[in-house]
**Student:** 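Before we start, here is the structure in question, set down as structure tokens.
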Amino acid sequence: MDALHIIARRAPQFQPRIAVVLGSGWGGLTDHITQAVQIPYADLPGFPQPTVAGHSASLWLGYIGAQAVAVMGGRKHGYETGAVDGMAVPLQVLKALGCHTLVQTNAAGSLRADMPPQSLMLVTDHLNLPQCSPLVGQTGSARFVNMVDAYDIELNRLAALVAIEKNALLFEGVYAWFLGPQFETPAEIRMARLLGADAVGMSTVPETILARYLGLRVMALSFITNFGAGMSGEHLSHAHTLQQAQMGSAKASQLLADIIARLPQT
Ligand code: HPA
């Protein structure tokens, strides 16, 4: 793993425990990293070269509170190439560096009238609607990953507790993955709601599957940028997602930093 050697050379002896993937609107988290070493993805073989505006292309190593973290400023999405295993190498590298937990973030559309734009939602479960897996092609019995409690109950309890302590409203719900890049139709949004989803988005699920395959604990947070298609008069666009995400970025990143600082270190 070339990337592993490059990281070890740039951040000697550093052992991150918590891997973090930043989605749209969560970039402010990097302001909370101390003793930061920033490595452009361009220097890291196998890391994604993002094509999506609003996603940064660096790995950050450092501390949030006392927690040693490896923060990926951007991710590879299934809709960029059709392949859904674009995060396999980075997650393998972060696990090999010492990470035992993956904290994911994303921007998402809300399916609930009581969860408006600017809300934060802790993901308790997901719907893999495209039924695509980054594990296709793996061999051996480890590929049959148990997805019960894929989103770690203990970590979610901790996140909910931190939110209460910080007086922040944190919804909980099911995240439905649509491949994208087009937004959903109103009929698809009604379908997702009927199936039990609370939010929709175009990421996160492949990484959760990969992380569980690697034995990492997973937590995921959604920043709600809009209501699902057809639920309000909003015109959905990537620019709208980014604008909404930017508005709430500081608050979301503060809560995320508070949660990360409190996660189990081992
Ligand atoms: N749908 C899919 N992905 C999204 C949305 C949405 O409404 N909002 C932000 N990301």
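All values below were derived from every heavy atom in this structure, side-chain atoms included, with hydrogens, water molecules and symmetry-related copies excluded. Whatever order the structure lists them in is the order used to number ligands and atoms, beginning at 1. For this chain, numbers begin at 1 and follow the sequence in order.
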**Student:** With a heavy-atom distance limit of 4.0 Å, tell me whether Ala108 approaches ligand 1 through its side chain, its backbone, both, or neither.
**Tutor:**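 Backbone only.
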**Student:** Check for me whether the distance between the ring centres of Tyr79 and Phe178 falls short of 6.0 Å.
**Tutor:**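 Judged by ring-centre distance (under 6.0 Å), Tyr79 and Phe178 do not meet the cut-off.
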**Student:** Step by step, work out the side-chain hydrogen bond (donor to acceptor under 3.5 Å, both in side chains) result for Thr124 and Glu172.
**Tutor:** CA-CA 6 Å; Thr124 55; Glu172 295 188 2; 5.8 Å; no
**Student:** Is any side-chain heavy atom of Met191 closer than 4.5 Å to a side-chain heavy atom of Leu129?
**Tutor:** yes
**Student:** Under 4.0 Å from any heavy atom of Thr225, which atoms of ligand 1 are there?
**Tutor:**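 Answer, ordered by atom number: 8 (N), 9 (C).
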**Student:** Any heavy atom of Phe178 sitting closer than 4.0 Å to ligand 1?
**Tutor:**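 Under 4.0 Å: no for Phe178.
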**Student:** Need the ligand 1 atom indices (1-based, order shown) with element for anything under 4.0 Å from a heavy-atom of Gly201.
**Tutor:** 2 (C), 3 (N)
**Student:** Could you tell me, atom by atom, which parts of ligand 1 come under 4.0 Å of a heavy atom of Ala107?
**Tutor:**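 Those qualifying, in numeric order: 9 (C), 10 (N).
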**Student:** With Glu207, which of Arg212, Arg75, Lys76 fulfils salt bridge (Lys or Arg N to Asp or Glu O under 4.0 Å)?
**Tutor:** Arg75
**Student:** Please write down residue, atom name and distance for the protein heavy atom closest to atom 7 (O) of ligand 1.
**Tutor:**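 Answer for atom 7 (O) of ligand 1: Asn226 ND2, 2.8 Å.
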**Student:** Could you point out which residue of Tyr151, Trp177, Tyr175 forms a side chain to side chain donor-acceptor pair (under 3.5 Å) with His126?
**Tutor:** Tyr151
**Student:** Is a donor on one side and an acceptor on the other found under 3.5 Å between the side chain of Gln67 and the backbone of Leu263?
**Tutor:** yes
**Student:** Atom 5 (C) of ligand 1: which protein heavy atom is closest, and how many Å away?
**Tutor:**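 Looking only at protein heavy atoms, the one closest to atom 5 (C) of ligand 1 is Gly109 N, 3.5 Å.
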**Student:** Is the shortest distance from a heavy atom of Gly228 to ligand 1 less than 4.0 Å?
**Tutor:** no
**Student:** Does an N or O from Glu184, backbone or side chain, lie closer than 3.5 Å to an N or O of ligand 1?
**Tutor:** yes
**Student:** Is the ring pair Tyr41/Phe47 parallel, tilted or perpendicular, if the boundaries are 30 and 60 degrees?
**Tutor:** tilted
**Student:** Which bit of Asn106 gets closer than 4.0 Å to ligand 1, counting heavy atoms only: side chain, backbone, both or neither?
**Tutor:**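 Neither; nothing of Asn106 gets under 4.0 Å from ligand 1.
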